[in-house]
Asks: 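Starting off with a structure, shown below.
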Amino acid sequence: MQNSTPHFIREAIKEDIRAGRCDGRVVTRFPPEPNGYLHIGHAKAICIDFGMAAEFGGECHLRFDDTNPSREEQRYIDAIQEDVRWLGFDWGEHLYFASDYFGRMHELAVMLIKAGKAYVDDLSADEIRAHRGTLTGPGRRSPHRDRTVEENLDLFERMRAGEFPDGSRVLRAKIDMASPNLNMRDPVMYRILKVPHHRQKDAWCIYPMYDWAHGLEDSLEGVTHSLCSLEFEDHRPLYDWFLDQLPVHHPRQIEFARLNLSHTIMSKRKLLRLVQEGHVEGWDDPRLPTISGLRRRGYTPEAIRTFCERIGVAKRDSVVDHALLEHCLREDLNKRSPRVMAVLRPLRLVIDNYPDGQSEELEAVNNPEDPGAGTRTVPFSRELLIERDDFMEDPPKKYFRLAPGREVRLRYAYFVTCTHAVRDSSGEIVEVHGTYDPSTRGGDAPDGRKVKATLHWVSAPHAIQIETRLYEHLFAKADPDAFDDGEDFTVNINPVSLEVLNEARAEPSLKKAMPGDRFQFERVGYFCVDTASAGGRPVFNRTVTLRDEWSRIQKRQQSG
RNA sequence: UGGGGUGUAGUUCAGUUGGUAGAACGCCUGGUUCUGGCCCAGGAAGUCGGGGGUUCAAGUCCUCCCGCCCCAGCCA
């Protein structure tokens with residue numbers, strides 16, 4: 001975190017500290033509304049909020065902005081805490097709820113009314129909208145704008161007491177109906193909502209609006225820097241106005257651009273649709289950019305944090321290439337993942353000169369990137385399983401793998417030379433035969449001869465059966481929102497974003513794998529044991545493939 | 001004739017007080033290798049949104065223009 005690239009928020013905070021504007025203290029907050037699951041866009045915000053606090057020796061609060069009980073639920077509060085913690089951040093004792101400040105907010109609202117800066121309006125929602133004016137024209141004052149302080153006080157107390165039905169009255173700030181900033185045209189501070197709150201129960205039937213509440217939440221907690229996304233830039237004058245009217249601490253709001261990622265969507269509304277319409281299996285579907293989905297997919301918190309660091313912080317709208325996320329993932333997984341051999345689409349390979357019924361244990365390195373990871377043994381026998389892609393009867397140029405007459409290495413085992421392939425009546429290759437060189441045990445030839453390819457394999461009689469789930473982008477297009485009139489983003493859903501392989505086999509060491517464990521299947525990709533794995537046959541989610549030069553060569557050969 | 005933002009390689013970002021541009025990812029070459037992974041070396045790629053101006057010198061300063069994003073919830 002020390003040699004991070006510079007960005008404007010870091011510079012602004014430094015400048016504030018230098019100028020003594022915040023007592024040298026840095027207090028930030030991550031303020032989710034508990035009405036949905038966190039996604040990688042939130043991860044960016046979390047990294048910035050907690051990251052800035054940590055960098056300047058300050059603190060970052062986790063505060064639930066629970067001011068709208070009609071859409072918030074306890075289960076989201078729980079899930080959000082789990083996700084933030086999993087990402088590696090610690091709010092210590094600073095867990096807060098906006099709803100805990102309702103009493104203080106109410107007092108301050110009364111103070112504003114007494115100062116003649118807020119009034120109760122009887123206009124309906126539609127009327128208020130009509131009075132607000134347009135983007136280019138000023139609004140009109142409500143006929144109730146000039147009520148006396150006494151009348152406003154009385155009406156506001158009766159609103160709170162539950163005397164009026166939902167939507168019948170609101171408390172509004174008295175600012176400027178002609179302001180070019182619509183947020184300043186007498187914004188609503190409180191609305192009547194006779195809905196029990198998930199934490200406050202029936203204590204309130206009026207609830208504060210975001211603009212009124214958020215600055216106070218920040219202020220009450222002593223937040224120094226309130227970091228949020230760009231769409232709140234227009235709200236900053238109002239944020240400042242409220243705080244300026246009151247005898248309270250005044251934090252500084254700074255806005256940055258939210259994260260967009262290619263090949264996926266970040267909007268809560270659209271994510272919800274994907275879940276509700278069954279395009280995915282739930283909020284933690286491994287194809288979703290939700291934190292829970294990424295976790296189940298096998299992403300590491302470290303990879304996500306590195307990613308958030310590398311994308312930078314700026315104010316322009318942008319779309320980050322999903323490839324950068326995958327790069328950060330592979331970089332981390334490469335260092336930490338134990339290697340293991342598994343064959344996704346098996347093809348029988350019979351070693352004709354290997355004694356029938358015999359088997360032996362061969363030593364394999366657990367992680368070439370980490371000498372401390374040690375070794376294990378894998379069983380070898382006459383009947384092996386190799387990847388179908390690793391054999392071609394009539395190979396094209398640059399194909400280095402097994403083919404008739406060709407010698408390759410079986411990793412950690414022997415050099416084998418293919419003799420022939422066997423086809424069934426329909427002409428499909430059902431097995432391959434070959435011979436091995438006993439002197440190459442372990443994988444090296446005493447005479448120093450080389451092979452151009454090394455294949456992964458499993459011993460057929462020893463292998464365990466596993467299920468693998470191969471994921472591709474949920475959206476085929478980089479921009480899921482690129483669609484024609486009359487269509488919506490769901491037309492861009494990739495119909496083959498999930499491929500389930502039931503015939504995969506793995507080396508027996510995988511028997512001990514537990515849900516959440518991550519492995520590199522050598523030459524194939526990184527996999528993570530699914531949380532829903534049944535005991536007998538573990539399910540492996542493909543987190544990400546290994547970079548694959550051969551597939552690029554193939555693409556080139558096909559296209560030209 | 002509303003307001004607020006924002007425009008630098010394909011992408012995401014850096015570019016100190018003005019000295020004709022850098023990184024990462026992606027892409028391409030080559031090397032290395034018991035993973036076609038990792039690693040190493042190299043390369044292609046930018047009329048710095050456009051015009052005008054100030055200056056010996058402008059991505060940086062001034063000015064005009066253009067593009068894109070956000071705002072008319074009793075959502076956050």
Side-chain angles (χ1 to χ4, degrees), chain A residues 5-7 31-33 35 65 67-68 70-72 121 123-126 128-130 132-139 166-172 178-185 187-193 206-207 209-211 213-214 228-237 255 257 259 262 268 310-328 330-331 334-335 339 341 364-365 368-369 398-401 409-413 415 440 442-444 450-456 478 520-526 545-553:
Chain A
T5 67
H7 62 68
E33 183 187 12
N35 69 344
D65 205 0
T67 58
N68 185 355
S70 65
R71 27 201 271 176
E72 296 156 5
D121 197 348
L123 257 31
S124 69
D126 284 344
I128 287 181
R129 186 180 311 117
R132 188 149 31 227
T134 65
L135 292 177
T136 53
D166 283 12
S168 60
R169 283 186 167 83
V170 292
L171 181 71
R172 288 229 254 173
S179 172
N181 181 342
L182 305 216
N183 296 126
M184 301 299 274
R185 319 240 266 226
V188 173
M189 295 166 63
Y190 279 94
R191 75 284 215 184
I192 300 170
L193 227 47
I206 56 171
Y207 291 95
M209 296 290 291
Y210 171 86
D211 287 303
H214 204 87
C228 61
S229 46
L230 247 33
E231 68 267 31
F232 293 104
E233 217 154 11
D234 283 343
H235 295 247
R236 188 172 0 112
E255 312 83 10
L259 169 67
S262 72
K268 270 187 188 177
R310 293 204 186 152
I311 56 176
V313 181
K315 296 191 70 158
R316 55 179 121 151
D317 301 308
S318 60
V319 181
V320 178
D321 192 335
H322 197 275
L324 179 58
L325 212 210
E326 297 195 337
H327 168 80
C328 296
R330 291 190 182 105
E331 185 177 60
N334 175 55
K335 282 182 298 189
R339 270 60 169 175
M341 291 197 284
V365 174
E369 303 295 319
K398 291 188 177 172
Y399 183 87
F400 303 146
R401 281 110 92 145
R409 171 170 39 234
L410 294 180
R411 190 151 164 101
Y412 300 125
F415 282 14
T440 58
D444 283 303
K450 302 289 184 193
V451 288
K452 295 202 75 173
T454 298
L455 271 41
H456 61 282
Q520 183 197 100
F521 288 2
E522 294 219 34
R523 302 209 309 133
V524 178
Y526 296 96
T545 62
L546 251 30
R547 292 189 83 222
D548 183 359
E549 169 137 34
W550 171 238
S551 77
R552 289 202 293 268
I553 292 171

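Order of the sequence lines sets the chain letters (A, B, ...), proteins ahead of strands, with each chain counted from 1.
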Asks: What nucleotide among B:A76, B:U35, B:A72 has an atom nearest to a side-chain atom of A:P368?
Replies: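 In terms of side-chain proximity for A:P368, the closest of B:A76, B:U35, B:A72 is B:U35.
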
Asks: Shortest non-hydrogen contact from A:Y526 to A:R330?
Replies: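 Heavy atoms of A:Y526 and A:R330 come nearest at OH-O, 4.0 Å.
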
Asks: CG of A:L182 versus P of B:C74: gap in Å, rounded?
Replies: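 Between P of B:C74 and CG of A:L182: 11 Å.
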
Asks: Pick the closest RNA chain B nucleotide for A:E233 and for A:T136 by heavy atoms, then say which residue is nearer the 5' end.
Replies: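 Result: A:T136.
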
Asks: Is any side-chain N of the basic residue among A:K335 and A:E331 closer than 4.0 Å to the acidic one's carboxylate O?
Replies: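 A:E331 and A:K335: not salt-bridged.
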
Asks: Name the nucleic acid region contacted by A:L324, choosing base, sugar-phosphate or nothing; use a 4.0 angstrom heavy-atom cut-off, strictly under.
Replies: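 Sugar-phosphate, backbone atoms only, no base.
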
Asks: Please evaluate the base of B:G37 for a donor-acceptor partner in the side chain of A:E331 within a cut-off of under 3.5 Å?
Replies: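 Check fails, no donor-acceptor contact within cut-off.
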
Asks: If you measure from the C1' atom in B:A9 to the same atom in B:A23, how many Å do you get, rounded?
Replies: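 So the two C1' atoms sit 11 Å from each other.
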
Asks: Does A:R401 make a side-chain donor-acceptor contact with the base of B:G36, cut-off 3.5 Å?
Replies: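 Checked by distance alone, the answer is yes.
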
Asks: Is A:E369 touching bases, backbone alone, or none of the nucleic acid, heavy atoms closer than 4.0 Å?
Replies: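 Result for A:E369 = base.
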
Asks: Roughly, in whole Å, what's the span from CG in A:L230 to C1' in B:C68?
Replies: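 Those two atoms, CG and C1', are 13 Å apart.
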
Asks: Nearest whole angstrom, please: distance from the P of B:A76 to the CZ of A:R191.
Replies: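 After rounding, the reported distance stands at 4 Å.
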
Asks: So, is A:H327 near the phosphate of B:C25, with a side-chain N or O under 4.0 Å from OP1 or OP2?
Replies: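 Checking A:H327 against B:C25: at least one side-chain N or O falls below 4.0 Å of OP1 or OP2.
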
Asks: Suppose we call a contact any N or O donor and acceptor under 3.5 Å apart; does that hold for the side chain of A:R310 and the base of B:U12?
Replies: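 It does not, because no donor-acceptor pair links the side chain of A:R310 to the base of B:U12 below 3.5 Å.
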
Asks: Report which part of the nucleic acid A:L325 touches: base, sugar-phosphate, or nothing (heavy-atom distance under 4.0 Å, all strands).
Replies: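 Contact class for A:L325: none.
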
Asks: Between B:U11 and B:G52, how far apart are the two P atoms, rounded to whole Å?
Replies: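 That atom pair is separated by 26 Å.
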
Asks: What integer number of Å spans the P atoms of B:C65 and B:U1?
Replies: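 Rounded to whole Å, the distance is 10 Å.
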
Asks: Taking N and O atoms by type only, does the side chain of A:R316 place a donor or acceptor under 3.5 Å from a partner on the base of B:U8?
Replies: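 Checked by distance alone, the answer is yes.
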
Asks: Within this structure, what is the CD-to-P distance between A:E255 and B:U6, rounded to whole angstrom?
Replies: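 In whole Å, B:U6 P and A:E255 CD are 10 Å from each other.
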
Asks: Under 4.0 Å, counting only non-hydrogen atoms across every strand here, what does A:H235 touch: a base, just sugar-phosphate, or nothing?
Replies: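 Base, at least one base heavy atom under 4.0 Å.
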
Asks: Assign A:I311 to base, sugar-phosphate, or nothing according to its heavy-atom contacts below 4.0 angstrom with the strands shown.
Replies: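 The answer is sugar-phosphate, as A:I311 gets under 4.0 Å only of primed atoms, P, OP1 or OP2.
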
Asks: Check whether A:R185 reaches the backbone of A:S179 with its side chain - one donor and one acceptor, N or O, closer than 3.5 Å.
Replies: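 Yes, the answer is positive, given that a donor and an acceptor are paired below the 3.5 Å cut-off.
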
Asks: Regarding B:G36, can its base be found pairing with the side chain of A:D548 as donor and acceptor, where the two atoms are less than 3.5 Å apart?
Replies: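 Flag unset: no donor-acceptor pair detected.
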
Asks: Does B:C39 have a Watson-Crick or wobble mate here (both distances under 3.5 Å), and if so which one?
Replies: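 WC or wobble partner is B:G31.
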
Asks: Any donor-acceptor pair under 3.5 Å linking the side chain of A:R409 with the backbone of A:G443?
Replies: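 Present.
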
Asks: When all nucleic acid strands are considered with a 4.0 Å heavy-atom cut-off, which category describes A:D444: base, sugar-phosphate, or nothing?
Replies: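 Base: the residue A:D444, judged by heavy atoms under 4.0 Å, touches a nucleobase.
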
Asks: When you measure from the side-chain N and O atoms of A:R552 to the phosphate of B:U29, is any distance below 4.0 Å, counting only OP1 and OP2?
Replies: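 The answer is no; no side-chain N or O of A:R552 sits under 4.0 Å from OP1 or OP2.
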
Asks: If the C1' atom of B:G18 is compared with that of B:C66, how far apart are they to the nearest Å?
Replies: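 Straight-line distance between the two C1' atoms is 25 Å.
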
Asks: Looking at A:N181 and A:D234, would you say the former's side chain and the latter's main chain have a donor-acceptor pair under 3.5 Å?
Replies: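 Yes: the side chain of A:N181 pairs with the backbone of A:D234.
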
Asks: Closest approach to the side chain of A:A125, judged atom by atom: which nucleotide of B:C25, B:G5, B:C74 is it?
Replies: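 The listed nucleotide nearest to A:A125's side chain is B:C74.
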
Asks: A:I553 near the nucleic acid: base, sugar-phosphate alone, or nothing, with a heavy-atom cut-off under 4.0 Å?
Replies: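 Result for A:I553 = base.
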
Asks: Quick one: which of B:C75, B:G36, B:C25 gets closest to the side chain of A:K398?
Replies: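 From the listed options, B:G36 comes nearest.
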
Asks: For B:U17, what is the paired nucleotide under Watson-Crick or G-U wobble rules, both distances under 3.5 Å?
Replies: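 Its partner is none (no Watson-Crick or G-U wobble pair with both distances under 3.5 Å).
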
Asks: Regarding A:I128, tell me which of base, sugar-phosphate or nothing describes its non-hydrogen contacts under 4.0 Å with the strands shown.
Replies: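 Counting heavy atoms under 4.0 Å across all strands, the contact made by A:I128 includes a base.
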
Asks: Looking at B:A45, which nucleotide sits across from it as a Watson-Crick or G-U wobble partner, both distances under 3.5 angstrom, or is there none?
Replies: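 Per the H-bond distance test, none.
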
Asks: Find the partner of B:C68: check Watson-Crick (N1-N3 plus N6-O4 or O6-N4) and G-U wobble (N1-O2, O6-N3) distances, both under 3.5 Å, and reply none if neither fits.
Replies: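 Base partner found: B:G5.
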
Asks: Determine whether A:R401 and A:W550 make a side-chain contact, defined as any pair of heavy atoms from C-beta on separated by less than 4.5 Å.
Replies: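 A side-chain contact under 4.5 Å exists here.
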
Asks: When we call it a touch if two heavy atoms are under 4.0 Å apart, what does A:V524 touch: a base, just sugar-phosphate, or nothing?
Replies: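 Counting heavy atoms under 4.0 Å across all strands, no contact is made by A:V524.
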
Asks: Hey, is the side chain of A:S551 poking within less than 4.0 Å of OP1 or OP2 on B:G36, counting only N and O atoms?
Replies: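 Result: no.
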
Asks: Rounded to whole angstroms, how far apart are CG on A:D234 and P on B:G5?
Replies: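 Those two atoms, CG and P, are 8 Å apart.
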
Asks: Mind telling me whether B:G73 is syn or anti, cutoff 90° either side of 0?
Replies: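 Base orientation: syn.
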
Asks: What's the gap between B:U60 and B:U16 when it is taken at their C1' atoms, as a whole Å value?
Replies: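 About 11 Å, rounded to a whole number of Å.
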
Asks: Would the distance check show the side chain of A:T67 and the main-chain N or O of A:Y210 forming a donor-acceptor pair, the cut-off being under 3.5 Å?
Replies: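 No, because the side chain of A:T67 does not come within donor-acceptor range (under 3.5 Å) of the backbone of A:Y210.
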
Asks: For a quick check of understanding: with a heavy-atom distance under 4.0 Å over all strands, which category does A:D65 fall into, base, sugar-phosphate or nothing?
Replies: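 Sugar-phosphate, no base atom in range.
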
Asks: Let's see if you can work this out: which of B:G5, B:U35, B:G36 has an atom nearest to the side-chain heavy atoms of A:Q520?
Replies: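 My answer, after comparing the listed nucleotides, is B:U35.
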
Asks: Considering only heavy atoms from C-beta outward, does the side chain of A:H327 approach that of A:R310 to under 4.5 Å?
Replies: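 The answer is yes; the side chains approach within 4.5 Å.
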
Asks: A:M184 CE to B:G2 C1': how many Å, rounded?
Replies: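 Value for this atom pair: 15 Å.
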
Asks: Please state how far atom CG in A:D317 lies from atom P in B:G67, giving the value in whole angstrom units.
Replies: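 Answer to the nearest Å: 17 Å.
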
Asks: Under 4.0 Å, heavy atoms only, any strand: does A:V188 hit a base, just the sugar-phosphate, or nothing?
Replies: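 The residue A:V188 makes sugar-phosphate contact but no base contact.
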
Asks: Mind calculating the distance between CG (A:N183) and C1' (B:C74) to the nearest angstrom?
Replies: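 Rounded to the whole Å, the gap is 15 Å.
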
Asks: Which atom pair, heavy atoms only, marks the closest approach of A:R411 to A:M341?
Replies: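 A:R411 and A:M341 have their closest heavy atoms at O-CE, 4.0 Å.
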
Asks: What interatomic distance, in whole Å, is found between C1' of B:A58 and the corresponding atom of B:C71?
Replies: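 Roughly 35 Å separates the two C1' atoms.
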
Asks: Check every strand shown and say whether A:F232 touches a base, only sugar-phosphate, or nothing at a heavy-atom separation below 4.0 Å.
Replies: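 Result for A:F232 = base.
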
Asks: Output yes when at least one side-chain N/O atom of A:R132 is less than 4.0 Å from OP1 or OP2 of B:C74, else no.
Replies: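 Result: yes.
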
Asks: Assign A:T134 to base, sugar-phosphate, or nothing according to its heavy-atom contacts below 4.0 angstrom with the strands shown.
Replies: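 Answer is base: heavy atoms of A:T134 come under 4.0 Å of a base.
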
Asks: Looking at B:A76, I'd like to know if its phosphate oxygens (OP1 or OP2) sit under 4.0 Å from a side-chain N or O belonging to A:T67.
Replies: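 It does, given that an N or O in the side chain of A:T67 lies less than 4.0 Å from OP1 or OP2 of B:A76.
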
Asks: On RNA chain B, check which nucleotide each of A:S124 and A:K450 is closest to and give me the residue with the more 5' one.
Replies: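 Per heavy-atom nearest nucleotide, the more 5' residue is A:K450.
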
Asks: Roughly how many Å apart are B:G10 and B:G46, using the C1' atom of each and rounding to a whole number?
Replies: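 My reading of the C1' atoms in B:G46 and B:G10 gives 11 Å.
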
Asks: Using a cut-off of less than 4.0 Å, is there contact between a side-chain N or O of A:R129 and OP1 or OP2 of B:G73?
Replies: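 True: A:R129 side-chain N/O within range (under 4.0 Å) of B:G73 OP1/OP2.
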
Asks: Can you name the nearest heavy-atom pair linking A:L230 to A:K315, along with the distance?
Replies: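 Closest pair (atom of A:L230, atom of A:K315, distance): CD2-O, 2.9 Å.
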
Asks: In whole Å, what separates the C1' atom of B:G3 from that of B:C25?
Replies: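 So the two C1' atoms sit 37 Å from each other.
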
Asks: Regarding A:Y412, tell me which of base, sugar-phosphate or nothing describes its non-hydrogen contacts under 4.0 Å with the strands shown.
Replies: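 Touches a base.
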
